[in-house]
A.B. asks: 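Here it is: the structure, laid out below.
The structure displayed is predicted, hence computed values, not measured ones. Convention: sequence-line order gives letters A, B, ...; per-chain numbering from 1. Computation of the quantities below employed the complete heavy-atom set of this structure, encompassing side-chain atoms and omitting hydrogens, waters and symmetry-equivalent molecules.
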Amino acid sequence: MKLIIAIIQPAKLEAVKEALTQVEVYRLTVMDCQGFGRQKGQTGVHRGHEFGVNLLRKVQLQIAVNEQFVQPTIDAILAGGRSGESGEIGDGKIFVLPMDDCIRIRTGERGSEAI
Amino acid sequence: MKLIIAIIQPAKLEAVKEALTQVEVYRLTVMDCQGFGRQKGQTGVHRGHEFGVNLLRKVQLQIAVNEQFVQPTIDAILAGGRSGESGEIGDGKIFVLPMDDCIRIRTGERGSEAI
Amino acid sequence: MKLIIAIIQPAKLEAVKEALTQVEVYRLTVMDCQGFGRQKGQTGVHRGHEFGVNLLRKVQLQIAVNEQFVQPTIDAILAGGRSGESGEIGDGKIFVLPMDDCIRIRTGERGSEAI
Amino acid sequence: MIQFFRAPGTSPRSWFIATLLVVGMLGVGMSLASVASAQDEQAATLEVIEAPDAGGDAVVEEAAAAGVTADQNFEYTINTLIMFICAVLVLFMQAGFAMVEVGLNSSKNTVNILAKNVLDLSVGVILFLVVGYGLMYPGSDYEGGYFGFSGSMVTRDVDAPNLDTGWSNSADFMFQVAFAATAATIVSGAVAGRMKFVGYLIYSGVLTGLIYPISGFWKWGGGFLAEAGFQDFAGSVVVHAVGGFAGLAGAMLLGPRIGRYNAEGKSVPIPGHNITFAALGVFILWVGWYGFNPGSQLTYAGWANAEATTYIALTTTLSGAAGCIVALATAWVLFGKPDLTMALNGVLAGLVGITANCDRVDQLSALAIGAVAGLIVVLGTILLDKIKIDDPVGAFPVHGMCGVWGGIATGLFGVIPTDDAGANLFDRAGFIWVQAYSTAIICVWAFSTMLIVFGVLKAIGMLRVSAEEEQAGLDISEHGMHAYPSDAIAGGAIH
Amino acid sequence: MIQFFRAPGTSPRSWFIATLLVVGMLGVGMSLASVASAQDEQAATLEVIEAPDAGGDAVVEEAAAAGVTADQNFEYTINTLIMFICAVLVLFMQAGFAMVEVGLNSSKNTVNILAKNVLDLSVGVILFLVVGYGLMYPGSDYEGGYFGFSGSMVTRDVDAPNLDTGWSNSADFMFQVAFAATAATIVSGAVAGRMKFVGYLIYSGVLTGLIYPISGFWKWGGGFLAEAGFQDFAGSVVVHAVGGFAGLAGAMLLGPRIGRYNAEGKSVPIPGHNITFAALGVFILWVGWYGFNPGSQLTYAGWANAEATTYIALTTTLSGAAGCIVALATAWVLFGKPDLTMALNGVLAGLVGITANCDRVDQLSALAIGAVAGLIVVLGTILLDKIKIDDPVGAFPVHGMCGVWGGIATGLFGVIPTDDAGANLFDRAGFIWVQAYSTAIICVWAFSTMLIVFGVLKAIGMLRVSAEEEQAGLDISEHGMHAYPSDAIAGGAIH
Amino acid sequence: MIQFFRAPGTSPRSWFIATLLVVGMLGVGMSLASVASAQDEQAATLEVIEAPDAGGDAVVEEAAAAGVTADQNFEYTINTLIMFICAVLVLFMQAGFAMVEVGLNSSKNTVNILAKNVLDLSVGVILFLVVGYGLMYPGSDYEGGYFGFSGSMVTRDVDAPNLDTGWSNSADFMFQVAFAATAATIVSGAVAGRMKFVGYLIYSGVLTGLIYPISGFWKWGGGFLAEAGFQDFAGSVVVHAVGGFAGLAGAMLLGPRIGRYNAEGKSVPIPGHNITFAALGVFILWVGWYGFNPGSQLTYAGWANAEATTYIALTTTLSGAAGCIVALATAWVLFGKPDLTMALNGVLAGLVGITANCDRVDQLSALAIGAVAGLIVVLGTILLDKIKIDDPVGAFPVHGMCGVWGGIATGLFGVIPTDDAGANLFDRAGFIWVQAYSTAIICVWAFSTMLIVFGVLKAIGMLRVSAEEEQAGLDISEHGMHAYPSDAIAGGAIH
Ligand SMILES: Nc1ncnc2c1ncn2[C@@H]1O[C@H](COP(=O)(O)OP(=O)(O)O)[C@@H](O)[C@H]1O
Ligand SMILES: Nc1ncnc2c1ncn2[C@@H]1O[C@H](COP(=O)(O)OP(=O)(O)O)[C@@H](O)[C@H]1O
Ligand SMILES: Nc1ncnc2c1ncn2[C@@H]1O[C@H](COP(=O)(O)OP(=O)(O)O)[C@@H](O)[C@H]1O
């Protein structure tokens with residue numbers, strides 16, 4: 001089992017969700033977050049202080065999947081999350097973390113069938 | 001050491017916290033999140049467009065624990081987080097992730113005693 | 001590759017970011033969160049009910065790094081995140097999680113060069 | 001994709017839609033009707049005052065022609081226009097109530113609270129127009145009575161000057177309907193977070209259409225309480241206590257919100273989600289109250305009336321300020337922290353308390369009335385919590401308890417009313433007594449009738465939403481939308 | 001670190017800054033000028049009324065001295081002061097529009113919307129002062145005409161009493177400029193989320209300086225539509241339809257926001273980020289409308305005027321309430337949920353619909369007009385969505401469509417205007433016809449001229465921001481700030 | 001669980017609670033007192049104007065009886081009622097200040113700011129009633145003096161008509177207290193985020209009770225500055241500069257917020273958490289200013305007064321608009337982005353600048369005054385930041401600097417005041433000079449006295465909260481609540 005963490009552009013959430021549905025990944029958790037990356041932040045101004053607002057609004061997805069779903073999930077995120085053909089800086093990242101166990105609170109089921 | 005990530009109903013936070021206190025787990029981090037799961041989202045409407053608001057408000061707990069606390073913590077979350085006896089769809093999930101290290105910023109202590 | 005999760009005081013974000021820049025860690029993801037820790041929460045009051053607001057506002061950083069950056073990153077967070085010399089309760093924690101893979105959405109690159 | 005028929009499960013809702021559509025159709029119907037009749041009858045009933053015609057001395061000649069003396073003309077102008085301005089201030093209070101209620105409740109019930117506040121005003125206007133106004137002011141034939149009806153306002157020719165009162169019928173209706181809407185909207189806060197939207201709309205129609213106007217008639221319409229010498233200048237009892245006790249009935253029949261009391265029955269606070277909205281609402285209400293109390297002088301022309309109108313504004317201000325300070329101090333001592341929500345409710349408490357007597361107490365009494373109201377609202381809130389009645393915004397302590405206090409305080413501190421000869425109608429004790437029992441009668445009336453209304457709603461399953469709907473929040477379950485979609489959603493993506 | 005010169009890339013911006021600076025410099029210039037001339041000429045043109053001098057009977061003597069009769073004095077006082085109060089209410093509507101637009105849009109465009117709303121008022125005031133007012137009220141020489149100019153308001157000696165009208169020039173300007181600003185700000189909602197800030201400022205200047213005053217002159221300035229007998233009491237057409245059609249032109253030339261329609265052209269809702277602000281805005285607008293409609297009576301002194309003023313408030317209220325209820329009911333039936341945003345727009349729809357005829361319809365007609373407006377706004381919103389015109393706040397359905405409806409409804413339900421002899425100017429059909437074509441003329445005027453303005457802006461690349469800027473949000477890309485920095489940021493840390 | 005005694009650590013707080021309780025007890029005490037005395041004395045002092053008695057011509061007869069001429073009656077009515085309406089508008093500004101301050105500060109200090117704003121109004125009302133009003137208007141005996149006291153307002157019989165002034169004492173108090181509260185609340189923004197709540201309450205009492213009324217007397221009470229010919233129509237100096245300089249004193253003694261300047265002393269912006277509230281606040285203030293400036297005409301009856309009142313509204317509007325545009329343009333050029341916060345402060349700057357002279361400048365001068373104010377506020381903000389004075393909302397640049405500018409500008413552009421014979425009191429230079437030194441005197445007074453007050457608070461440790469409390473936010477550390485509990489909390493769970 002893996003926990004896939006993806007940081008994407010807020011505007012891409014819709015597309016990513018559709019792509020995930022294609023590969024039958026229906027369950028996920030979403031959070032607002034802010035990111036610093038290579039993407040040049042716009043220049044902000046406050047009371048005359050220019051500062052790089054390289055803190056940009058992003059959305060984080062957390063998806064717990066079984067092994068065989070890892071690759072399809074990644075592909076789906078890439079497909080839905082990339083801006084245009086070539087992609088743009090700021091499109092984000094996918095992190096794949098090992099996961100020891102998963103429990104469904106409702107039933108207490110454990111392991112892969114609980115995902 | 002494990003990092004336990006639990007996604008629960010917002011209304012259950014109180015109960016889960018009490019249950020965790022029982023098993024002497026006092027430290028945790030809480031975040032707002034939204035989830036898609038099997039739980040049927042209510043139907044939303046915007047300017048006449050029905051859409052499934054299967055994005056539901058949830059709360060995520062992150063709890064770093066030493067091995068011997070893993071099971072008690074899980075049990076506590078199950079106890080506090082389940083709706084009624086049988087539980088309801090939407091009650092959420094618990095993910096258990098391996099954790100290599102933990103550092104307490106205040107003291108710089110590392111490893112299990114830092115948790 | 002590791003995913004470093006740090007929970008710090010909101011007011012320390014600035015300092016931590018600067019420290020990270022020193023060690024050439026430029027990319028990170030930031031989230032608001034709330035924490036329960038050993039730190040004594042202030043006493044809250046609502047309609048005459050005293051209750052411990054031990055839920056305190058914190059900021060969570062998520063930083064994916066390659067092995068050789070793990071220690072520098074931790075040191076930077078400790079340097080920037082500690083209150084005063086001795087540190088204060090509430091300064092927070094750093095969790096180090098193993099990470100199997102990292103993908104850059106824009107390019108699809110995988111592994112360490114994608115971080 | 002549009003669907004014209006609802007699933008069976010939603011029948012209560014479709015009921016309501018039906019009724020609403022009736023209104024709509026009615027509207028269309030009437031339009032055709034009036035088109036047909038427009039040419040003739042209308043032109044007769046409705047005289048348009050063309051601005052240009054009114055310049056220079058024309059106005060006065062015109063007035064003279066209509067047999068209106070220059071003085072009457074002056075007074076009629078002032079009374080009508082100032083009453084109109086005060087009505088606008090009172091209507092602005094609707095925004096204040098909405099903000100207070102929204103701010104003091106969970107974010108998941110925001111859309112629902114706002115919908116209730118916008119709709120109870122709109123529904124209230126229509127029903128007060130069609131029924132309520134005629135019930136509340138049936139005219140002199142019903143003097144000293146218990147019930148009367150003089151026909152619907154909507155059918156009246158409101159165009160002719162009303163020289164008996166000395167101000168226009170339109171201004172009068174505007175001012176009165178704003179009061180009715182206030183009484184109705186008070187309840188919204190007490191039943192927040194768990195009541196069905198349809199049920200609320202029905203309740204609100206009944207209150208503005210029947211319950212409020214009937215008891216209003218008893219005092220302001222010249223009914224038996226007026227004859228008894230009961231004094232309630234601007235409605236501590238007639239408006240606020242009625243709303244407060246109606247809210248209490250609702251809160252009791254609904255029961256507390258899920259999670260408000262835990263397994264061991266320990267009270268678990270559910271803090272509001274946005275204190276800034278709550279405070280903004282209180283500021284708006286404070287400002288609106290200057291229409292509510294001074295406006296109730298009804299005649300403003302002439303130095304004596306102007307004097308009285310502004311003196312009322314003064315006592316109102318003093319009481320609100322004293323209520324705020326004492327409520328904060330009390331909360332501070334009792335709870336150890338200066339609780340802003342108590343200070344805010346203290347302002348409202350002071351304003352409610354002075355509403356009945358702002359015209360007949362001196363400055364020191366105004367301060368005392370406010371101070372006591374500030375004490376009452378804090379203790380009342382604690383009490384309510386102890387007996388496990390869940391009133392999310394404290395509508396009962398503020399409007400119910402302090403409304404009653406206002407009624408009594410009038411007896412304690414108020415100048416004793418006189419007969420036309422100028423002789424006191426009562427001694428102090430007698431005045432206190434008439435205030436006390438009249439207040440009691442109105443509160444019992446509002447509470448018992450509303451128990452019935454909410455009881456019926458409960459019986460037919462239109463009172464409370466399901467536990468699951470409540471936990472998800474009324475916004476999403478009743479209205480299908482979030483008040484504050486997160487960036488994740490607002491970024492443009494809802495599947 | 002301060003930088004005095006902009007990168008070349010920003011030339012359009014620096015253009016604009018230049019123009020702005022001109023205004024600023026102008027200001028300083030004028031100041032010196034007026035200092036120089038202050039001693040003499042000013043003292044002449046400007047007579048300061050010292051409060052003390054005005055007590056007792058002095059006022060009347062003074063008036064007599066100035067050859068003003070007591071009646072004129074009374075009327076002048078009432079008309080001027082009430083008009084001023086109504087102007088304040090209408091200006092308050094600016095806050096309402098800002099809140100509605102902010103609430104119904106994504107949080108990432110909040111700063112931009114607020115900046116637009118604050119600036120279009122400020123820019124509007126200056127341009128209406130310098131150009132617009134003179135274009136809209138060129139005086140009797142241009143009666144029945146198409147275009148006229150009587151010089152800039154700013155150059156006028158507005159100090160002498162204006163006994164022809166019966167109220168002060170200052171009050172008149174305040175009231176008129178508030179209307180101009182309303183027309184301008186309506187557009188802001190329709191173009192939200194994607195229009196360049198500089199482009200918006202230019203548009204707004206053109207509308208308040210030229211487009212609105214010219215068509216305004218046709219009716220209210222005594223132009224050819226006034227002569228034709230066209231009736232638009234408070235501006236359903238002259239103000240709201242003009243704003244609505246200008247907004248339509250903008251929305252069409254801009255095209256929908258990114259993500260508003262997905263690849264398959266399916267409509268993807270972009271819910272607003274804060275419904276509480278939206279509802280607060282509607283309450284504020286409702287209140288402000290009592291300045292807008294009753295204030296348009298212009299003369300309030302004398303029982304007949306007071307009567308009319310408050311009767312207008314009554315019909316306005318009824319229409320707004322009916323609009324709210326019917327819009328909610330319609331949305332409920334069509335969509336299956338009681339959509340608050342529709343109820344809110346329904347209130348505005350009803351208010352817009354009655355604006356042209358609030359003085360000349362009976363109560364039933366007022367209800368009917370509001371009910372139909374409520375229906376129109378819902379269906380209009382659906383229609384607009386179907387034809388893929390992205391109007392984030394529904395400015396066109398509310399102000400454009402219901403503005404037109406108001407114009408027509410005046411013909412359908414309104415008392416037929418009479419000549420000085422009191423004879424009807426038209427039969428019903430004739431009245432409907434004049435209302436219809438006059439409405440059409442004004443809408444075409446606004447739409448076509450604005451198509452040109454927005455077209456030019458598009459041509460010179462000052463209309464729409466880049467896709468990247470739009471996705472990041474106009475707040476950060478146009479203004480360099482977030483409306484709601486998260487705790488992480490607000491904690492004190494921006495690098 | 002309720003606790004009646006505080007831990008020793010909290011002694012300052014309990015001090016304050018004590019004082020507050022005194023007020024409360026006082027209230028109760030007075031109530032009993034007045035109950036006792038109610039029957040007799042009260043009925044004498046307080047005559048209730050029964051609305052019914054006032055219809056028809058009764059009013060005029062009554063007036064005649066009271067020896068009031070018809071003209072006086074007319075003027076008294078208009079002056080009193082319009083002053084009351086203006087007072088309501090000025091009180092509404094309290095909501096505006098609260099929203100601006102909340103919006104421009106971190107979310108963690110929201111409850112505290114709101115509590116300060118609600119309480120300084122309430123405390124201000126009481127203290128101005130008991131002390132301030134008598135100090136500010138001690139009457140003619142003290143003409144040209146430096147200090148006087150005519151006894152407390154609360155003890156006065158405010159019921160009789162005040163035919164000397166021509167308006168009611170109650171209206172006068174309402175209008176004056178609203179101004180006092182404005183001066184007090186300005187400071188709140190400058191000391192936000194780090195000042196102890198108790199300390200603020202004490203400061204606020206001192207300002208409204210002593211400091212403001214004393215300098216107010218010098219000008220408006222007929223003191224030595226009035227005699228010197230100093231002109232400050234509505235209080236650019238008397239109200240705004242006093243508040244602004246008091247705020248400066250506070251900000252200086254408090255020192256900057258933690259994190260406002262980093263280790264190297266580099267300025268780190270701490271953006272406000274909700275720009276929508278800030279903008280809403282500015283709109284409300286703009287609207288409220290129409291009570292502030294035009295209301296200061298004090299007499300509105302008669303064409304000349306009505307003329308003046310509305311002309312003042314015009315100049316006020318022009319200056320605010322010019323300030324907005326120039327401030328935005330300046331910020332745009334200097335910073336490269338159109339900074340909304342600067343545009344908002346520019347509006348306020350323009351309004352503050354014109355406040356002293358709105359009655360005596362021509363339209364061009366009004367534009368110039370606003371334009372310069374817009375420039376001042378931006379440069380002032382930068383300057384303050386450079387010298388490391390942390391004024392979170394820019395209260396000093398807006399109210400302090402532009403208040404001074406308003407005082408000077410009156411000398412530069414204003415019509416020169418005349419003596420009763422109509423002869424100019426000064427030549428231009430002399431007028432500028434008197435304006436300059438009078439402004440200086442008042443600013444020095446406010447700044448130095450407030451330095452002492454804040455200094456004492458600092459000495460007794462009641463000025464600034466601890467670093468830990470500040471970082472956690474004043475909401476939780478001072479008031480024990482969050483302004484916006486997250487869903488996690490608001491979901492119903494606080495342990
Ligand atoms: N190494 C990392 N650790 C944590 N978050 C990251 C990392 N790299 C990128 N992110 C997140 O992804 C977002 C987009 O990154 P992006 O600028 O696209 O990276 P790149 O420049 O490598 O494409 C960033 O704003 C940040 O939130
Ligand atoms: N596989 C998963 N990955 C990420 N989050 C999940 C996953 N499964 C469930 N969740 C989270 O848990 C919440 C509740 O899930 P729920 O509907 O109870 O799942 P189930 O239908 O399996 O019981 C979801 O809204 C989502 O936030
Ligand atoms: N074991 C843990 N699991 C999850 N979060 C933790 C844990 N320990 C600490 N935290 C987070 O770190 C924050 C600060 O913790 P702190 O009180 O400094 O811990 P300590 O008392 O060990 O120093 C807490 O508020 C919480 O958010």
A.B. asks: Minimum heavy-atom separation for L314(E) to M153(D), with atom names?
C.D. replies: CD2-CE, 3.8 Å
A.B. asks: Hey, which of N105(E), I275(E), I82(E) has the most heavy atom pairs under 4.5 Å with chain D?
C.D. replies: I275(E)
A.B. asks: Side chains of F277(D) and F277(E), heavy atoms from C-beta outward: is any pair under 4.5 Å?
C.D. replies: yes
A.B. asks: Under 3.5 Å, is there a donor-acceptor pair between the side chain of K337(E) and the main chain of S477(D)?
C.D. replies: yes
A.B. asks: Going by atom types alone, do T310(E) and T80(D) pair a side-chain donor with an acceptor below 3.5 Å?
C.D. replies: no
A.B. asks: Taking side chain as everything from C-beta outward and backbone as N, CA, C, O, which of these in L114(D) sits under 4.5 Å from a heavy atom of chain E? Side chain, backbone, both or neither.
C.D. replies: both
A.B. asks: For the atom pair CD1 (I85(E)) and CD1 (I85(D)), what is the distance rounded to the nearest 0.5 Å?
C.D. replies: 4.0 Å
A.B. asks: Mind checking the CG-OG spacing from N305(E) to S168(D)? Nearest 0.5 Å is all I need.
C.D. replies: 12.0 Å
A.B. asks: Could you tell me the separation between the CG atom of L364(E) and the OG1 atom of T155(D), rounded to the nearest 0.5 Å?
C.D. replies: 8.5 Å
A.B. asks: Check whether any side-chain heavy atom of Y290(E) sits under 4.5 Å from a side-chain heavy atom of L91(D), and report yes or no.
C.D. replies: yes
A.B. asks: Could you walk me through whether F283(E) and N117(D) satisfy the side chain to side chain contact (heavy atoms under 4.5 Å, CB included) test, starting with their C-alpha distance in whole Å, then the side-chain angles of each, then the deciding distance to 0.1 Å, before giving a yes or no?
C.D. replies: CA-CA 10 Å; F283(E) 276 117; N117(D) 275 274; 4.2 Å; yes
A.B. asks: Evaluate side chain to side chain contact (heavy atoms under 4.5 Å, CB included) for W303(E) paired with L163(D), printing each intermediate quantity in order.
C.D. replies: CA-CA 9 Å; W303(E) 67 265; L163(D) 293 174; 5.6 Å; no
A.B. asks: Less than 6.0 angstrom separating the ring centers of F92(D) and F92(E), yes or no?
C.D. replies: yes
A.B. asks: Between V282(E) and chain D, with a heavy-atom cut-off of 4.5 Å, which part of the residue counts as in contact: side chain, backbone, both or neither?
C.D. replies: neither
A.B. asks: Which of the residues A409(E), G374(E), A306(E), G346(E) is involved in the greatest number of heavy-atom pairs with chain D at under 4.5 angstrom?
C.D. replies: A306(E)
A.B. asks: Is it the side chain or the backbone of V118(D) that comes within 4.5 Å of chain E heavy atoms, both, or neither?
C.D. replies: both
A.B. asks: Is the distance between the ring centroids of F173(D) and Y311(E) under 6.0 Å?
C.D. replies: no
A.B. asks: Side chain, backbone, both or neither: which part of L89(E) has a heavy atom under 4.5 Å from chain D?
C.D. replies: side chain
A.B. asks: Check each atom of I113(D) against the heavy atoms of chain E and say whether the ones under 4.5 Å are side chain, backbone, both or neither.
C.D. replies: neither
A.B. asks: Ring centroids only, cut at 6.0 angstrom: are F197(D) and W332(E) within range, meaning strictly under it?
C.D. replies: yes
A.B. asks: Looking only at atom types and distance, does a side-chain atom of E307(E) sit under 3.5 Å from a main-chain N or O of W167(D), one as donor and one as acceptor?
C.D. replies: no
A.B. asks: Give a yes-or-no answer on whether the side chains of Y484(D) and T276(E) include a donor-acceptor pair shorter than 3.5 Å.
C.D. replies: yes
A.B. asks: Ignoring hydrogens, what is the shortest heavy-atom contact between A95(D) and L280(E)? Give both atom names and the distance.
C.D. replies: CB-CD1, 4.3 Å
A.B. asks: Is F74(E) close to T77(D) at the side-chain level, that is, under 4.5 Å between some pair of heavy atoms?
C.D. replies: yes
A.B. asks: Side chain to side chain contact (heavy atoms under 4.5 Å, CB included), that's the test. Do L129(D) and T317(E) meet it? Break it down for me.
C.D. replies: CA-CA 11 Å; L129(D) 178 85; T317(E) 310; over 6 Å; no
A.B. asks: Side chain, backbone, both or neither: which part of A98(D) has a non-hydrogen atom closer than 4.5 Å to chain E?
C.D. replies: side chain
A.B. asks: Which one wins on heavy-atom pair count under 4.5 Å against chain D: G323(E), A313(E), A279(E), A343(E)?
C.D. replies: A313(E)
A.B. asks: Side chain, backbone, both or neither: which part of M83(D) has an atom under 4.5 Å from a heavy atom of chain E?
C.D. replies: neither
A.B. asks: Restricting to non-hydrogen atoms, name the atom on A115(D) and the atom on L340(E) that form the minimum distance, rounded to 0.1 Å.
C.D. replies: CA-CD1, 3.6 Å
A.B. asks: Where does N162(D) contact chain E at under 4.5 Å (heavy atoms): side chain, backbone, both or neither?
C.D. replies: backbone
A.B. asks: How long is the gap from CD on Q297(E) to CG on L81(D), to the nearest 0.5 Å?
C.D. replies: 10.0 Å
A.B. asks: Write down the atom of P338(E), the atom of H479(D), and the distance for their closest heavy-atom approach.
C.D. replies: O-ND1, 3.0 Å
